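Here, residue 1 is the first one in the sequence, and each next residue gets the next number. These numbers were taken from a predicted model, which means no experiment stands behind them.
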Amino acid sequence: MPYSLDNRLVIGVASSALFDLSESDKYFRDNKEVLYRAYQEERIDQTLEPGHAFPFVKQLLSLNDLRPADDPLVEVIVLSRNDPSTGLRVMRSIADHKLHISRAVFTQGRAPYEYIGALKMSLFLSGNRSDVDAAIKLGFPAGHVLPSSAIYADNDEELRVAFDFDGVLANDESERFYKDADLDEYKRHETELSDSPLEPGPLKELLRDLNLIQKIERDHKTADSSYQPRLRIAIVTARNAPAHERAIRSLQDWGVTVNDAFFLGGIEKSLVLEIMRPHIFFDDQTTHLTPAAEHVTGVHVPYGIANEVDVATSPPSSTREPSGPVDMLVAIDSKLEVESGAMPMSEGTETVNGSQP
């Protein structure tokens, strides 16, 4: 009987997000593919160091003890631009770190995001911004894992996941209205539509699948009062009253829930995130992620109006300064922040912090 991906949380993770591949990438760019194969083969037993998404993936997989081993709640699948041979080191490193990941897709030099839908993933994490951009444009749930210096305790059994609301869990309808309105107009608009739920955004299904795990945890708590639920979910949003009600009503309409909600109304999100210390925080604007990089693993979801290039303010491509293998144009004003991959990557590599295989 085929292995079914139904009734479980399935995420895809690129090797660039799971491991630190900076040294490997440098060698690839200096020596290209043939020597790179030999380089990885010579180091096949040298375990790769954890990357920025590693703590989240490890903690998520720990929840598989809630069901029998042959029916895991969480399935993590590696999606990699490496070819099968160079991917051997990735798979051995997974085993060395005792991560229960047995499935992988290696697509030599080609973007693996096309398989997100077929594999029923509710999240794809990558250090390759252009792959994430392309996945989002196709309607897939994807996030760009950003650099972080956050350290998580090995004995921390709780998994904390935090989401921005607009442009992440919800679509960008309200953000589009706000772009051309002042704050008072925006509040009136959201108050008038407080009972009209927003359409779901790219990560709503991820929240639904996380809620499935929470339901199973509640069942464990009912059967064993000593059991302490380990998965906690929060939204951290710039909304505040009266706009908060539409967010809550939208969650209710979608049939999803969160444990905590922070309606901050312009207060710096990093102040809350420093205390909460989520293993992962999803936001559609890097201006909210960068200040918190010391405390959390941040994931940029490049969706909606906050990530659309304002052509009128963008310099011609010939005048832009490239920032590494992937040229990033950043146009910022008070309501718009954009990062957009503009140059092709080296074949067979994945990128994070500019470049990773």
Side-chain angles (χ1 to χ4, degrees), residues 1-21 44-82 84 86-107 112 115-116 118-127 141-143 145 150-161 205-217 219-220 227-233 278-280 297 299 350:
M1 179 181 296
Y3 179 74
S4 175
L5 294 172
D6 295 332
N7 197 33
R8 67 187 88 250
L9 166 60
V10 184
I11 71 166
V13 60
S15 51
S16 59
L18 188 59
F19 293 117
D20 177 3
L21 300 178
I44 194 167
D45 290 319
Q46 294 182 17
T47 304
L48 293 164
E49 293 297 317
H52 299 304
F54 186 97
F56 167 70
V57 171
K58 180 181 178 181
Q59 210 75 349
L60 187 64
L61 286 168
S62 73
L63 296 171
N64 275 335
D65 63 4
L66 293 168
R67 280 209 310 220
D70 62 351
D71 185 26
L73 268 173
V74 177
E75 185 71 45
V76 176
I77 302 175
V78 173
L79 294 183
S80 175
R81 284 174 172 264
N82 283 305
T86 57
L88 283 176
R89 188 180 178 195
V90 171
M91 298 306 290
R92 288 203 183 185
S93 294
I94 286 171
D96 290 344
H97 285 289
K98 295 181 171 53
L99 297 178
H100 296 292
I101 299 173
S102 62
R103 293 174 172 85
V105 175
F106 295 105
T107 56
Y115 298 95
I116 294 172
L119 296 173
K120 299 184 179 181
M121 295 174 177
S122 54
L123 177 65
F124 169 54
L125 292 174
S126 179
V145 182
I151 298 175
Y152 297 93
D154 290 336
N155 61 353
D156 185 357
E157 295 186 355
E158 191 173 64
L159 170 61
R160 297 173 296 279
V161 180
E205 288 302 299
L206 173 60
L207 176 55
R208 180 187 65 84
D209 289 344
L210 290 171
N211 282 169
L212 167 66
I213 296 174
Q214 289 188 311
K215 179 183 182 303
I216 292 174
E217 285 206 290
D219 292 342
H220 276 257
Y227 179 78
Q228 294 299 315
R230 290 173 283 163
L231 174 57
R232 194 166 188 89
I233 305 170
H279 291 83
I280 201 161
T297 297
V299 175
E350 295 175 338

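The closest side-chain donor-acceptor pair between Tyr152 and Gln59, if any, does not fall under 3.5 angstrom.
The structure places CZ of Arg232 at 10.5 Å from CZ of Arg160, a figure rounded to the nearest 0.5 Å. In this structure, the separation between CG on Leu206 and CG on Leu123 is 5.5 Å, given to the nearest 0.5 Å. In this structure, the separation between CZ on Phe124 and CG on Leu79 is 5.5 Å, given to the nearest 0.5 Å. The CG atom of Leu73 sits 9.0 Å away from the CD atom of Glu217 when rounded to the nearest 0.5 Å. Taking CG of Leu61 as the reference point, atom CD of Glu75 lies at 8.5 Å (rounded to 0.5 Å). From Arg208, atom CZ reaches atom OG of Ser122 across 7.5 Å, with rounding to the nearest 0.5 Å.
Shown are Asn64, Asp71, Val74; of these, the side-chain contact (heavy atoms from CB on, under 4.5 Å) with Arg8 is made only by Asp71.
Across every non-hydrogen atom of Gln46 and Ser93, the tightest pair is O-OG, 4.2 Å. Closest heavy-atom contact between Asn82 and Phe106: O-CB, 3.2 Å. Between Met121 and Pro141, the shortest heavy-atom distance links the atoms O-CG, 3.6 Å. Heavy-atom minimum distance, Leu210 versus Leu231: O-CD2, 3.5 Å. Listed here is the closest heavy atom pair of His279 and Thr297: O-CB, 3.4 Å.
Proximity of a side-chain donor or acceptor of Arg67 to a complementary backbone N or O of Pro72 within less than 3.5 Å is detected. In this structure, the side chain of His52 does not engage the main chain of Ala17 through any donor-acceptor pair within 3.5 Å.
Annotation: side chain of Asp209 is not in contact with side chain of Ile11 (no heavy-atom distance under 4.5 Å). Counting only heavy atoms from C-beta outward, the side chains of Leu159 and Arg230 never approach each other to under 4.5 Å. Using a 4.5 Å heavy-atom threshold, the side chains of Ile280 and Leu60 count as separate. Proximity of Val13 to Val145: side-chain heavy atoms (C-beta onward) are nowhere separated by under 4.5 Å. Side chains of Pro112 and Ser80 form no contact here, defined as non-hydrogen atoms less than 4.5 Å apart. Within the 4.5 Å cutoff, side-chain heavy atoms of Ile94 are placed close to those of Leu18.
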> Could you walk me through whether Phe56 and Val299 pass the side chain to side chain contact (heavy atoms under 4.5 Å, CB included) check?
Replying inline: CA-CA 11 Å; Phe56 167 70; Val299 175; over 6 Å; no
>> I'd like to know whether Arg103 forms a side chain to side chain contact (heavy atoms under 4.5 Å, CB included) with Leu119, so could you lay out the CA-CA distance, the side-chain angles of the two residues, the decisive distance to 0.1 Å, and finally the verdict.
In response: CA-CA 11 Å; Arg103 293 174 172 85; Leu119 296 173; over 6 Å; no
> Should Leu66 and Tyr227 be marked as a side chain to side chain contact (heavy atoms under 4.5 Å, CB included) after you check the CA-CA gap, both sets of side-chain angles, and the distance that decides it?
Replying inline: CA-CA 11 Å; Leu66 293 168; Tyr227 179 78; 3.3 Å; yes
>> The test is side chain to side chain contact (heavy atoms under 4.5 Å, CB included); show your working for Leu9 and Leu63 and say whether it passes.
In response: CA-CA 11 Å; Leu9 166 60; Leu63 296 171; over 6 Å; no
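Under 4.0 Å is where a charged nitrogen must lie from a carboxylate oxygen, and between Arg92 and Asp96 no such pair does.
In this structure, Arg89 fails the cation-pi test against Phe19, since its NZ or CZ atom is not both closer than 6.0 Å to the six-membered ring centre and inside 45 degrees of the ring normal.
Counting non-hydrogen atoms of neighbouring residues, nucleotides and ligands closer than 6.0 angstrom, the NE2 atom of His97 exceeds 12 such neighbours.
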